Amino acid sequence: MENKQEDELRKLSVELRLLEQTAEAIQSRVNMVNTVITDLTYAAMTLDGLEKEKENSELLVPIGGSSYVRTKLANPDKVIVGMGAGVSVEKTFSEAKEIVKKRLEDLEKTRMSLQHQFTQVADKMGEDREKFEGLLAKLREEKASKNV
Amino acid sequence: MSEDISNLPPQVQERLLRLQQLQQTLQSVLAQKQQVELEMMEIDQASGELQKLADDAVIYKATGSLLIRTEKGKISTELTERKELLSTRTSILAKQEERLRGQLKDLQTKLQQDLNPVSPSPQQ
């Protein structure tokens, strides 16, 4: 009987470790998705702002370290949008805004799905922990009564 | 836990260590494979977008932090070549994964045989 309970405890402990790893992996993906969402939100805001500017408008372009270079807007109708795999394509403002909007929508869906997965894993972890603690208490009780 | 392991025979300890090493190597191979597969997916996506463009579309290729102007035909060929290279890499990684899984299975079987006599006998 004790052996069975010990086996069950061992199984639960392995399962809990796996669930913890899964939860960590999901959380790290959520963080990655959040970073990209923030980046794309900035891109959308920049596109909105630039759309109102005319040719030769003076701009300050960030070069990192809170530093900027002074530039002039050469072509207010076109922007360059990354397509992945190191390829970027010239697009009109409206096309670029549409692409950014679509990517944001897709990422929101991914974030929702990841959060749903995380909740499922967290619930299962809660269940397993409860079972684990119950079994452990029972086992300790049995061992204590044997020792009396 | 480490105290439990040190109570085991040296041969079993060695096998357990080897098991951990194999598991780590497998994790690393799986991570590399996932990375390569993601890159391949990205190439497919970019190639798909390129196909929709006119032949004279303005396209740039990232080189470090710079974007250099290129042509549709040229970048399409580069992407195809890159994908072929990655595909070869995926095959190599898949073979490594298969070999490691086989080794892990063998080692787990041996360890189970090693550990069975050690564990308490079932209820009589």
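In what follows, chains are A, B, ... by sequence order, proteins preceding strands, each numbered from 1. Given the structure is predicted, the values throughout are model-derived calculations rather than measurements.
- Rounded to the nearest 0.5 angstrom, A:I80 CD1 and B:R69 CZ are separated by 8.5 Å.
- Within the 4.5 angstrom heavy-atom criterion, only side-chain atoms of A:K91, from C-beta onward, approach chain B.
- Interface residue B:I43: backbone and side-chain heavy atoms are both found under 4.5 Å from chain A.
- Remark: B:L53 CG to A:E90 CD distance equals 11.0 Å, nearest 0.5 Å.
- Counting heavy atoms of neighbouring residues, nucleotides and ligands inside a 6.0 Å radius, atom CZ of A:R29 does not exceed 12 of them.
- With hydrogens and angles disregarded, a donor-acceptor distance shorter than 3.5 Å links the side chain of B:E42 to the backbone of A:A85.
- Both the backbone and the side chain of B:I59 come within contact range of chain A, each with at least one heavy atom under 4.5 Å from a heavy atom of that chain.
- Under the 4.5 Å side-chain contact rule for hydrophobic residues, B:L30 and A:L18 do not share a cluster.
- The 12-atom threshold is not exceeded at CD of B:Q34, counting heavy atoms of other residues, nucleotides or ligands nearer than 6.0 Å.
- Taking a 6.0 Å sphere around CZ of B:R89, one finds it holds 12 or fewer heavy atoms contributed by other residues, nucleotides or ligands.
- Interface residue B:E49: only side-chain heavy atoms are found under 4.5 Å from chain A.
- Rounded to the nearest 0.5 angstrom, B:I68 CD1 and A:S88 OG are separated by 11.5 Å.
- Taken together through direct or relayed side-chain contacts under 4.5 Å among Ile, Leu, Val, Met, Phe, Trp and Tyr, B:V58 and B:L79 form parts of separate hydrophobic clusters.
- By the neighbour-count criterion of 12 heavy atoms within 6.0 Å, atom CD of B:Q23 is densely surrounded, having more than that number from other residues, nucleotides or ligands.
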